[in-house]
Amino acid sequence: MGRLNLKLMWSLTLISLCLYPYHVSGVLSTNHYANICPNLETIVRQAVQKKFQQTFVTIPSTLRLFFHDCFVQGCDASVMIASTANNKAEKDSSDNLSLAGDGFDTVIKAKAAVDAVPQCRNKVSCADILALATRDVVALGGGPSYSVELGRFDGLVSRASDVTGRLPQPEFKLNQLNTLFASNGLTQTDMVALSGAHTLGFSHCDRLSSRIYSTPVDPSLNKQYATQLQQMCPRNVDPRIAINMDPTTSKTFDNVYYKNLQQGKGLFTSDQILFTDQRSRATVNSFASNSNVFNQNFITAITKLGRVGVKNASNGKIRTDCSVL
Ligand code: HEM
Ligand SMILES: *[C@@H]1O[C@H](CO)[C@@H](O)[C@H](O)[C@H]1NC(C)=O
Ligand SMILES: *[C@@H]1O[C@H](CO)[C@@H](O)[C@H](O)[C@H]1NC(C)=O
């Protein structure tokens, strides 16, 4: 073998080794359940649709649940686990996750629909059902549709203590966001695209009080919007009060989130910094000006998110009840 070939082989080996941790699609595939449960995608979609007809919150709560699941111990439905006398689970972490109950309920309902089909019963992981339901709520919200990689197993542990430091905080600046997302195999562009999820849903007032009641008020915040936020979220407001995260089109999955950032109307520091910081501004501008570019980048990013820390048959299982280990 020539010297050049050897060199080439070495580089290829190195490249594949580097890619390996996040290249778990060797395990995942879009047709994983083709023979096991052929109608899986239709069953989940119909259950999600039914749940959506009961409440709009189905959309943002399911999307956020998927994100939180993947960032804590990987996409293994560990976030679904209920605490027991001996184990305080992720969802009860002191990090005040405020995950809306409807996201959990969406997965539980979809799982019941899947298990009602004898061939599918206890053959589909809760982690995969959450990944499918996430794709379905994005589409229901008017966002792009995409194929979902499947074949995840459900995790064997869920500990509140594992949440600490694994989730981004609304006060985060760009370096902190980039570091945390990079530790999950996601680039800055992925992070900016995934932040577009804040085009939907609600935030509790206490999450932004440090921005709107500091002196001076956060200067990157649009003045009119700041006043509006102070009116909706007065000092010492009932902490249960929640406001729309996208002040313009809060019920549509669109690129208006990025247009809002251009006007200083990002709700959190972690949103507004994407435009304020020169390093990510061009990405925000390109997503704001072209929704196809945003959609494509969102699909890439959420697919990569779905590969984080995926479990297999040796370190996971298929749960019969999504909330019980
Ligand atoms: C980039 C860093 C991020 C930070 C700092 C962050 C922080 C937050 C916070 C503080 C809330 C409000 C929770 C509440 O008060 O109830 C929230 C809501 C939400 N987040 Fe994020 N988030 C981030 C990224 C993401 C990502 C990547 C996704 C999904 C792909 C996402 C999806 C959502 C959704 C949909 C809601 C609304 C939830 C609802 O209405 O039930 N977030 N986020
Ligand atoms: C977290 O939430 C609980 C109730 O859900 C509340 O009692 C507590 O004050 C909150 N803590 C913080 C730091 O916001
Ligand atoms: C399962 O995943 C673990 C951790 O990523 C890995 O070490 C192990 O080799 C995998 N097992 C199989 C059977 O793929």
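As the structure is a prediction and not an experimental result, all values here were calculated from the model. Side chains are part of it too, since the values below use all heavy atoms of this structure and drop only hydrogens, waters and symmetry mates. Index from 1, following the sequence. For ligands, and for the atoms within them, numbers begin at 1 and follow the listed sequence.
Both the sub-6.0 Å distance and the 45° axial angle are satisfied by Lys251 relative to the ring of Phe56. In this structure, Arg166 fails the cation-pi test against Phe71, since its NZ or CZ atom is not both closer than 6.0 Å to the six-membered ring centre and inside 45 degrees of the ring normal. Lys123 forms no cation-pi arrangement with Tyr33, by the criterion of a distance under 6.0 Å to the ring centre and an angle within 45° of the ring axis.
In terms of protein heavy-atom proximity, atom 39 (C) of ligand 1 is closest to Pro60 CB, 3.6 Å. Nearest protein heavy-atom contact of atom 40 (O) of ligand 1 is Phe202 N, 2.8 Å. For atom 15 (O) of ligand 1, the nearest protein heavy atom (residue, atom name, distance) is His204 N, 2.8 Å.
Closest heavy-atom approach to atom 41 (O) of ligand 1 within the set Ser61, Cys70, Gly196: this belongs to Ser61.
No side-chain donor from either of Asp102 and Thr58 sits under 3.5 Å from a side-chain acceptor of the other.
Contact check on Asp190 versus Lys304 returns a salt bridge, with a Lys/Arg side-chain nitrogen under 4.0 Å from an Asp/Glu carboxylate oxygen. Taking the charged nitrogens against the carboxylate oxygens, Glu41 and Arg135 do have a contact shorter than 4.0 Å, which makes a salt bridge. In this structure, Asp277 does not pair ionically with Lys173, as no charged nitrogen and carboxylate oxygen lie closer than 4.0 Å.
Ring centroids of Tyr257 and Phe294 are separated by 6.0 Å or more, keeping the two rings apart.
Remark: side-chain polar atoms of Ser93 are not paired, donor with acceptor, to backbone N or O of Ala89 under 3.5 angstrom. Checked by atom type and distance alone, the side chain of Asp128 pairs as donor or acceptor with a backbone atom of Gly151 at under 3.5 Å. Although no hydrogens or angles enter the test, the distance criterion places no donor-acceptor pair under 3.5 Å between the side chain of Asp76 and the main chain of Asp154.
Remark: of the listed residues Asp162, Val163, Val308, Asp162 is the sole one forming a side chain to side chain contact (heavy atoms under 4.5 Å, CB included) with Gln73.
Contacts between Phe268 and ligand 1, counted as non-hydrogen atom pairs separated by less than 4.0 Å, involve the side chain only. With a 4.0 Å heavy-atom cut-off, ligand 1 is reached by the side chain of Phe181 but not by its N, CA, C or O. Counting heavy atoms under 4.0 Å from ligand 1, residue Leu177 touches it through the side chain alone.
Ligand-side atoms of ligand 1 in range of Ser203: 12 (C), 14 (C), 15 (O), range being under 4.0 angstrom from any heavy atom. Taking a cut-off of under 4.0 Å to the non-hydrogen atoms of Pro170, the atoms of ligand 1 that pass are 5 (C), 10 (C). Of all atoms in ligand 3, numbered sequentially from 1 with element shown, those under 4.0 Å from a heavy atom of Asn315 are 2 (O), 3 (C), 4 (C). Per-residue contacts place Asn312 under 4.0 angstrom from the following atoms of ligand 3 (heavy atoms of the residue considered): 1 (C), 2 (O), 3 (C), 8 (C), 10 (C), 11 (N), 12 (C), 14 (O). Atoms of ligand 3 found under 4.0 Å from any heavy atom of Ser314, numbered from 1 in the order shown, are 1 (C), 10 (C), 11 (N), 12 (C), 13 (C).
For Ser98, a nitrogen or oxygen atom sits less than 3.5 Å from a nitrogen or oxygen atom of ligand 1, counting backbone and side chain alike.
Only protein N, O or S atoms were scored, and 1 of them lie under 2.8 Å from atom 21 (Fe) of ligand 1.
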